[in-house]
Visitor: 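Before I ask anything, let me first share the structure, which is written out below as structure tokens.
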Amino acid sequence: SQLLDPVRRLRWLDVAAHVGVMLGVGLLAYWSVGLALRRPSERVTEAPVGDAAVWRPLRLLAWLVLLLLPIVVFVAAIFAAAAAVQPSALVRSVMLPLLQGFVLAGVTIAVARVLFAPGNGAIRLVPLGDEAADYAFRAVRRIARTAIYGYCVLEAAQRLGMPWALHGFLLHLLFLIVLGMAIAVVVRHRRPVAEAIASLGDERRSRALRSLPWRSLAKVWHLLAIV
């Protein structure tokens, strides 16, 4: 009935046009700044020199700032575009969750990139090999994008008139998919993580650490993680 309503279709087109203009301006600014900062980011992530204990945190902090700058510019461009087009209350209501989703996903992915440093073990915080770090970053990015973008798009659609029943069904379906993605990550890394947990009970560990039931935990950690 909503699709056959000409007034509602006209409203949808108006919202889509205004949201499209604002997102277009924001994404253009985001990509432009990201392209301009690509070379500085590469310099920051080069192998540290001197005292690694001093340089690594500084390099990671500088890298995180460079990764977040395009997001800040994106938000500023969105507000500038909104001031120019003077969107209606409905357009602002629809645009808000989309803006929040882009910012939240961007920050999450930026933090994951700095944490796992795919392809750059010299400044990596997490003690992982290059292959494991690359997979971990891609898994976080994939799950974050699916969950955050999916949720925010559904919120925008609900504000645009999506029926509550359909919104609730799609929301449950979305997080069922996210759950499946997370379980796939756990299952894929079941054995190496179990070996790492079991190693905590080795003789070279402290007596207090060895007294804990690491080997038993290693056998069931994946079940606990899935639950």
Side-chain angles (χ1 to χ4, degrees), residues 19-46 48 55-83 87 91-128 130 132-159 171 174-175 177-182 184-186 189 225:
V19 169
V21 168
M22 289 188 288
L23 281 179
V25 171
L27 290 174
L28 181 61
Y30 174 84
W31 287 326
S32 300
V33 174
L35 185 62
L37 295 177
R38 178 175 297 176
R39 184 53 187 162
S41 296
E42 292 175 353
R43 291 178 180 176
V44 167
T45 55
E46 289 175 356
W55 283 101
R56 181 182 295 181
L58 295 177
R59 285 179 180 270
L60 291 175
L61 180 61
W63 189 22
L64 181 61
V65 170
L66 290 173
L67 291 174
L68 295 179
L69 274 178
I71 301 174
V72 175
V73 173
F74 171 83
V75 175
I78 290 289
F79 278 100
V91 173
R92 292 196 300 270
S93 176
V94 171
M95 185 66 204
L96 182 59
L98 300 179
L99 177 61
Q100 292 171 336
F102 186 91
V103 172
L104 182 57
V107 171
T108 302
I109 294 170
V111 172
R113 187 181 295 275
V114 172
L115 183 65
F116 295 110
N120 196 335
I123 62 173
R124 184 175 300 135
L125 286 176
V126 181
L128 294 174
D130 286 342
D134 181 65
Y135 176 81
F137 168 70
R138 287 187 287 108
V140 171
R141 182 177 59 183
R142 183 167 59 249
I143 293 174
R145 283 178 173 173
T146 303
I148 297 171
Y149 288 154
Y151 177 83
C152 291
V153 166
L154 287 176
E155 285 299 299
Q158 190 273 324
R159 297 182 182 191
L171 195 61
L174 168 67
F175 284 104
I177 294 172
V178 172
L179 174 63
M181 296 169 68
V185 174
V186 171
H189 291 280

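Remember, it's a predicted structure, so these values are computed and weren't measured experimentally.
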Visitor: Taking all heavy atoms of Ile71 and all of Gly106, pick out the closest pair and write down the distance.
Guide: CD1-C, 3.4 Å
Visitor: Does CZ in Phe79 sit with more than 12 non-hydrogen atoms of other residues, nucleotides or ligands closer than 6.0 Å?
Guide: no
Visitor: Could you go through Val91 and Met22, starting from their C-alpha distance and side-chain angles, then the distance that decides it, and tell me whether this counts as side chain to side chain contact (heavy atoms under 4.5 Å, CB included)?
Guide: CA-CA 10 Å; Val91 173; Met22 289 188 288; 3.6 Å; yes
Visitor: Quick one, Tyr135 with Val185, criterion side chain to side chain contact (heavy atoms under 4.5 Å, CB included). Give me CA distance, side-chain angles, the key distance, then yes/no.
Guide: CA-CA 9 Å; Tyr135 176 81; Val185 174; 3.8 Å; yes
Visitor: Could you tell me whether Arg38 atom CZ has more than 12 heavy atoms of other residues or ligands within 6.0 Å of it?
Guide: no
Visitor: Could you walk me through whether Gln100 and Glu155 satisfy the side chain to side chain contact (heavy atoms under 4.5 Å, CB included) test, starting with their C-alpha distance in whole Å, then the side-chain angles of each, then the deciding distance to 0.1 Å, before giving a yes or no?
Guide: CA-CA 11 Å; Gln100 292 171 336; Glu155 285 299 299; over 6 Å; no
Visitor: Are the side chains of Arg145 and Thr108 in touch, meaning some heavy atoms are under 4.5 Å apart?
Guide: no
Visitor: Determine whether Met95 and Ile78 make a side-chain contact, defined as any pair of heavy atoms from C-beta on separated by less than 4.5 Å.
Guide: yes
Visitor: Could you report the tightest heavy-atom contact between Leu37 and Leu66, atom names first, then the distance?
Guide: CD1-O, 3.6 Å
Visitor: Starting from the C-alpha separation in whole Å, work towards a yes-or-no answer on side chain to side chain contact (heavy atoms under 4.5 Å, CB included) for Leu174 and Thr146.
Guide: CA-CA 8 Å; Leu174 168 67; Thr146 303; 4.1 Å; yes
Visitor: Ignoring hydrogens, what is the shortest heavy-atom contact between Arg59 and Arg43? Give both atom names and the distance.
Guide: NH1-O, 3.5 Å
Visitor: Angle class for the Tyr30/Phe74 ring planes (parallel below 30°, perpendicular above 60°, tilted otherwise)?
Guide: perpendicular
Visitor: Can you find a heavy atom in the side chain of Asp130 that is under 4.5 Å from one in the side chain of Arg124?
Guide: yes
Visitor: What distance do Leu154 atom CG and Leu171 atom CG have between them, rounded to the nearest 0.5 Å?
Guide: 6.0 Å
Visitor: Which residue in the set Val33, Leu28, Leu27 passes side-chain contact (heavy atoms from CB on, under 4.5 Å) when paired with Trp31?
Guide: Leu27
Visitor: Quick one: closest heavy-atom pair of Ala82 and Pro87, and the distance?
Guide: O-CD, 3.1 Å
Visitor: Working to the nearest 0.5 Å, report the span between CG of Asn120 and CH2 of Trp63.
Guide: 6.5 Å
Visitor: Return the SG to CG distance between Cys152 and Leu99, rounded to the nearest 0.5 Å.
Guide: 9.5 Å
Visitor: Work out which heavy atom in Val140 is nearest to a heavy atom in Ala112; give both atom names and the distance.
Guide: CG1-CB, 3.7 Å
Visitor: Search all heavy atoms of Ser93 against all heavy atoms of Arg159 and return the closest pair with its distance.
Guide: O-NH1, 2.8 Å
Visitor: Would you find more than 12 non-hydrogen atoms of other residues, nucleotides or ligands less than 6.0 Å from Phe137 atom CZ?
Guide: yes
Visitor: Heavy atoms, side chains only, cut-off 4.5 Å: are Leu98 and Tyr149 in contact?
Guide: no
